[in-house]
Amino acid sequence: QVQLVESGGGLVQAGGSLKLSCAASGRTFSRLVMGWFRQAPGKEREFVAAINWSGGSTSYADSVKGRFTISRDNAKNTGYLQMNSLKPEDTAVYYCAADVRPVNAMNPNEYDYWGQGTQVTVSS
């Protein structure tokens, strides 16, 4: 069992930055793939970014590539999502997720463990 707790969300103006954190407890975090997803009102949950267990492999949605950076610190059992050049369309609840070996890291159905989410609001 893995417990995930996100933090770092908030209200920011367009062009600003936020850094989300995802603190993990329970199962060995360093053996898990971690992903970030987001869900805006009335929309489906969508993939944002994913990182493998070592941090050596990352993937991003096209909409955030070049603006967001996913990282992890296994010694601290924590994952991060640095978000720069934020746009109003980035407004959503952001969730971190983890799983041992998702077949497709961009598919939210592949993840067993989820945090409660943190709200990110970008004003224009």
Side-chain angles (χ1 to χ4, degrees):
Q1 194 71 13
V2 177
Q3 293 77 44
L4 303 173
V5 179
E6 303 97 335
S7 61
L11 173 63
V12 64
Q13 287 188 333
S17 299
L18 283 174
K19 187 173 184 177
L20 305 183
S21 298
C22 176
S25 60
R27 192 167 186 170
T28 305
F29 177 69
S30 61
R31 298 186 179 186
L32 302 175
V33 171
M34 188 187 74
W36 285 94
F37 294 81
R38 67 187 182 186
Q39 188 166 19
K43 295 187 177 182
E44 293 187 352
R45 192 167 297 189
E46 65 172 0
F47 170 75
V48 175
I51 188 167
N52 75 335
W53 66 274
S54 69
S57 177
T58 58
S59 59
Y60 297 91
D62 288 343
S63 59
V64 306
K65 203 170 292 184
R67 300 189 297 123
F68 291 11
T69 302
I70 189 171
S71 62
R72 65 192 297 161
D73 185 338
N74 288 338
K76 295 182 178 180
N77 286 343
T78 303
Y80 305 97
L81 185 68
Q82 176 68 47
M83 306 185 295
N84 298 329
S85 302
L86 282 162
K87 305 175 181 180
E89 50 264 42
D90 294 319
T91 295
V93 177
Y94 283 70
Y95 299 89
C96 68
D99 203 86
V100 175
R101 193 175 297 173
V103 174
N104 179 359
M106 296 186 289
N107 184 350
N109 295 324
E110 297 283 343
Y111 291 81
D112 281 341
Y113 307 110
W114 290 86
Q116 81 289 351
T118 185
Q119 176 71 46
V120 172
T121 304
V122 184
S123 62
S124 57

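Since we're looking at a predicted model, the values are computed, not measured. Numbering starts at 1 and runs along the sequence shown.
For Glu89, there are no side chain to side chain donor-acceptor pair (under 3.5 Å) partners, not counting sequence neighbours. Every residue was checked against the salt bridge (charged side-chain N to carboxylate O under 4.0 Å, His left out) condition with Lys43, not counting sequence neighbours, and none meets it. For the side chain to side chain donor-acceptor pair (under 3.5 Å) test, residues two or more places apart in sequence or in another chain that qualify with Ser25 are Gln3. In terms of the salt bridge (charged side-chain N to carboxylate O under 4.0 Å, His left out) criterion, Arg31 has no residue partners (sequence neighbours excluded). Scored by the salt bridge (charged side-chain N to carboxylate O under 4.0 Å, His left out) test, Glu46 finds Arg38 as partners (sequence neighbours excluded).
The backbone N or O of Met34 lies less than 3.5 Å from no partner atom in the side chain of Tyr113, so there is not a single donor-acceptor pair. Side-chain N or O atoms of Arg45 include none that pairs as donor or acceptor with a backbone N or O of Tyr95 at under 3.5 Å.
Asn74 places a side-chain heavy atom less than 4.5 Å from the side chain of Phe29. Contact annotation: the side chain of Val33 never approaches that of Asp99 to less than 4.5 Å [non-hydrogen atoms, C-beta and beyond]. Between Val120 and Met83, some side-chain heavy-atom pair lies under the 4.5 Å cut-off.
The minimum heavy-atom distance between Leu4 and Ala24, with the atom names listed, is CD2-CB, 3.6 Å. Residues Leu32 and Ala98 come closest through the heavy atom pair CD1-CB, 4.0 Å. Of all non-hydrogen atoms in Gly117 and Val93, the two that sit nearest each other are CA-CG1, 3.8 Å. Residues Ala14 and Ser124 come closest through the heavy atom pair CB-CA, 4.4 Å.
By the 4.5 Å side-chain criterion applied to Ile, Leu, Val, Met, Phe, Trp and Tyr, Val5 is assigned to no cluster and stands alone. Hydrophobic side-chain contacts under 4.5 Å tie Val103 to no other Ile, Leu, Val, Met, Phe, Trp or Tyr residue.
Sorted by first and then second residue, the salt bridge (charged side-chain N to carboxylate O under 4.0 Å, His left out) pairs involving residues 108-124 (not counting sequence neighbours) form an empty list. Residues in residues 41-89 take part in no disulfide (SG to SG under 2.5 Å) pair, two or more places apart or across chains. Under the disulfide (SG to SG under 2.5 Å) criterion, the residue pairs touching residues 15-114 are Cys22-Cys96, with sequence neighbours excluded. The stretch residues 11-21 participates, sequence neighbours left out, in these side-chain hydrogen bond (donor to acceptor under 3.5 Å, both in side chains) pairs: Ser17-Asn84.
Phe47 pairs in a ring-ring contact (aromatic ring centres under 6.0 Å, His included) with only one of the listed residues (Phe37, Trp36, Tyr111), which is Phe37.
One distance of note links OG1 of Thr91 with CD of Gln119; it measures 7.5 Å at 0.5 Å rounding. Annotation: the span from Asn77 atom CG to Ser30 atom OG amounts to 7.5 Å, rounded to 0.5 Å. Distance check: Ile70 CD1 to Gln82 CD gives 12.5 Å after rounding to the nearest 0.5 Å. Between Leu18 atom CG and Thr118 atom OG1 the span is 8.5 Å, to the nearest 0.5 Å.
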Please table the atom pairs, donor to acceptor, closer than 3.5 Å between any side-chain atom in residues 48-58 and protein atoms at least two apart or in another chain.
residue, atom, partner, partner atom, Å
Asn52, OD1, Gly55, N, 3.0
Asn52, OD1, Gly56, N, 2.9
Asn52, OD1, Ser57, N, 3.0
Asn52, ND2, Ser54, OG, 3.4
Ser54, OG, Gly56, N, 3.2

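No continuous path of ILVMFWY side-chain contacts below 4.5 Å connects Met106 to Tyr60, so the two sit in separate hydrophobic clusters.
Using a cutoff of 4.0 Å between basic side-chain nitrogens and carboxylate oxygens, Lys65 and Asp62 are scored as salt-bridged.
Under the 30°/60° scheme for interplanar angles, the aromatic rings of Tyr94 and Phe68 are found to be tilted.
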